[in-house]
Enquirer: 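Quick one: the structure is below, questions incoming.
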Amino acid sequence: MLPGSIQITGEVLSGAEIQDICQSLKDNTVRLLSVRGCQLSDRDFSRVCRGVAESQSLAQLNLNLGVVSSSSRTRVLSEALKTNRSLQTLFLHGSPLLDAGLVTLNGALCTHPSLVCLDLGDCMLGDQALGLICGMLPPDGAKSGLRELTLSANPGISTKGWARLAVAVAHSSQLRVLNLDYNPLGDQIAGMLAVAVASSRTLEVLDLEGTGLTNQSAQVFLDMVENYPTSLRVLVLAENTISPELQQQICDLLSEGEEEDDKEAPPLEPGPASSSALLPTRDKHYPPTVWLPHSNSSPQMVLLTSGLGESLLAETEM
């Protein structure tokens, strides 16, 4: 029997549901577990985490919207992650972790052998937490690191903290997707991020929706994509004070770069298809844009408006 998924949203979980979840984890018959926004007792949360620790099939775990609601639950989750070896994607969006919570989770996150996608959006993080997160973006391939990172809506992070992240992104050997939407970044931080993008050999998606940018930032990104080779495929600039003309210019240049890459790229060799059922989807406070995962075949673009469509794995998130 192929591993399947368990997806429950915004419910008070019954004892029978908890039992089913724990049994499925024990039997290795679940690959995606989402209890987004659900209510369960501390005892039941511990039972689920013990199942997560033992599971050899679980690849994606969605605990978004307050499921990890206390420091004690953070500790329980950390212990589970220290034992688990299969998890690839972890969603904690909307959890009141604070810096202290990231300190608790840091050891388990940094040493997990399979984790490549992490959503810490709206987790009330500050500079201390961001410093730990930078450690999950190694500058070489000697140790595993994150490929996809979401830090949306964490306004407690200072300019100094974002600057530190920009340096880590510039030197990361693996990061492909970075979502910083709805943080008060402004043009200064955007300029630092442009330098990071130009330096990165791997970053393909950068989401800066609703980050307080102006034409000044757009001009910097325009100069970057016009004059320097970059891996960037998707730049999200919706909900900023940026002229449509500048956005279109950036879009056109990225599209031209994609066409050139397609001409130069060798034919793709046949290989196993990726599982679209596990493409990560994330929460936003605001009308969602389409989340576009990294792909060698996806076109380069600038997303000009929000609310472009329902997300992948909509059943997980709705």
Side-chain angles (χ1 to χ4, degrees), residues 7-13 18 21 33-50 52-53 60-82 84 87 89-110 112 115 117-136 146 148-158 160-162 164-165 178-185 207 209-211 280-286 288 291 311 316-318:
Q7 303 178 54
I8 310 171
T9 298
E11 295 184 12
V12 178
L13 298 182
I18 295 295
I21 290 171
L33 173 59
S34 174
V35 290
R36 174 182 179 271
C38 289
Q39 299 179 43
L40 64 166
S41 68
D42 288 345
R43 176 176 177 273
D44 287 342
F45 182 82
S46 296
R47 291 174 63 194
V48 171
C49 283
R50 284 196 296 271
V52 169
Q60 183 177 130
L61 178 61
N62 189 329
L63 301 175
N64 283 355
L65 302 184
V67 178
V68 185
S69 56
S70 65
S71 58
S72 61
R73 291 193 179 191
T74 304
R75 289 192 294 271
V76 170
L77 176 61
S78 178
E79 291 304 313
L81 294 175
K82 289 177 182 177
N84 176 276
L87 196 66
T89 298
L90 176 62
F91 293 105
L92 295 173
H93 198 114
S95 303
L97 296 179
L98 304 171
D99 285 358
L102 236 291
V103 170
T104 300
L105 290 170
N106 183 59
L109 295 176
C110 285
H112 197 287
L115 189 68
C117 176
L118 181 62
D119 186 342
L120 294 172
D122 194 20
C123 285
M124 305 172 68
L125 304 181
D127 287 359
Q128 181 184 13
L130 194 59
L132 298 175
I133 292 166
C134 288
M136 302 176 200
L146 297 176
E148 304 171 13
L149 174 62
T150 296
L151 292 171
S152 315
N154 280 295
I157 298 172
S158 72
K160 180 179 178 181
W162 291 123
R164 184 173 183 180
L165 177 68
L178 179 61
N179 300 307
L180 301 180
D181 47 308
Y182 294 103
N183 285 295
L185 302 181
D207 187 346
E209 179 179 353
T211 50
T281 307
R282 60 195 182 90
D283 282 282
K284 284 195 176 189
H285 280 300
Y286 301 86
W291 186 92
S311 57
T316 302
E317 297 303 304
M318 298 304 291

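Positions are given from 1, in the same order as the sequence printed here.
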Enquirer: Looking at every heavy atom in both Leu102 and Met136, which two are closest together, and how far apart are they?
Expert: CD1-CE, 4.1 Å
Enquirer: Quick check for you: to the nearest 0.5 Å, what is the distance between Ser78 atom OG and Leu109 atom CG?
Expert: 7.5 Å
Enquirer: How far does CZ of Arg47 sit from OG of Ser41, to the nearest 0.5 angstrom?
Expert: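 These two atoms lie 8.0 Å from each other.
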Enquirer: Among Thr104, Val48, Val67, Leu63, find the one that has a side-chain contact (heavy atoms from CB on, under 4.5 Å) with Leu77.
Expert: Leu63
Enquirer: Quick one: pull up CD in Gln60 and CZ in Phe91 and give me the separation to the nearest 0.5 Å.
Expert: 4.5 Å
Enquirer: Any side-chain donor-acceptor pair under 3.5 Å between Ser72 and Ser70?
Expert: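 Side-chain D/A pair, Ser72 to Ser70: present.
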Enquirer: Answer yes or no: is there a side-chain heavy-atom contact under 4.5 Å between Asn179 and Leu149?
Expert: no
Enquirer: Checking Asp181 side chain against Ser152 main chain: does a donor-acceptor pair fall under 3.5 Å?
Expert: no
Enquirer: Looking only at heavy atoms, which two atoms of Asn64 and Asn62 are closest? And how far apart?
Expert: N-OD1, 2.9 Å
Enquirer: Rounded to the nearest 0.5 Å, how far apart are CG of Asp44 and CG of Leu13?
Expert: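 The CG atom of Asp44 sits 8.0 Å away from the CG atom of Leu13.
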Enquirer: Start with the C-alpha distance between Leu165 and Leu151, add both sets of side-chain angles, then the distance that settles side-chain contact (heavy atoms from CB on, under 4.5 Å), and finish with yes or no.
Expert: CA-CA 11 Å; Leu165 177 68; Leu151 292 171; 4.0 Å; yes
Enquirer: Regarding His93 and Asp119, is there a side-chain donor-to-acceptor distance under 3.5 Å anywhere?
Expert: yes
Enquirer: Decide yes or no on side-chain contact (heavy atoms from CB on, under 4.5 Å) for Leu97 and Leu120, but give the supporting numbers first.
Expert: CA-CA 9 Å; Leu97 296 179; Leu120 294 172; 3.9 Å; yes
Enquirer: Which is it for Gln128 and Val103 under the side-chain contact (heavy atoms from CB on, under 4.5 Å) test, yes or no, and what are the steps along the way?
Expert: CA-CA 8 Å; Gln128 181 184 13; Val103 170; 3.5 Å; yes
Enquirer: Quick check for you: to the nearest 0.5 Å, what is the distance between Glu79 atom CD and Leu105 atom CG?
Expert: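 Reported to 0.5 Å precision, the distance equals 10.5 Å.
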Enquirer: What are the two closest non-hydrogen atoms of Asp99 and Ala129, and how far apart are they?
Expert: OD1-CB, 3.2 Å
Enquirer: Is a side-chain donor-acceptor pair under 3.5 Å present for Asn183 with Thr211?
Expert: no
Enquirer: Rounded to the nearest 0.5 Å, how far apart are CG of Asn154 and CG of Leu125?
Expert: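 Result: 4.0 Å between the selected atoms.
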Enquirer: Among Leu61, Val68, Leu65, exactly one meets side-chain contact (heavy atoms from CB on, under 4.5 Å) together with Leu92. Which residue is that?
Expert: Val68
Enquirer: Which heavy atom in Cys38 sits nearest to a heavy atom in Gly10, and how many Å separate them?
Expert: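 Distance-wise, the nearest heavy atoms are SG-N, 3.7 Å.
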Enquirer: Output yes when a side-chain donor or acceptor of Asp127 lies under 3.5 Å from a complementary backbone atom of Trp162, and no otherwise.
Expert: no
Enquirer: How close do Thr89 and Leu115 get, counting heavy atoms only, and between which atoms?
Expert: N-CD1, 4.0 Å
Enquirer: Between Cys49 and Ala80, what is the shortest heavy-atom contact and its length?
Expert: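 That closest heavy-atom pairing would be O-CB, 3.3 Å.
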Enquirer: Ion pair present between Arg73 and Asp42, side-chain N to carboxylate O less than 4.0 angstrom?
Expert: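 Yes, Arg73 and Asp42 are salt-bridged.
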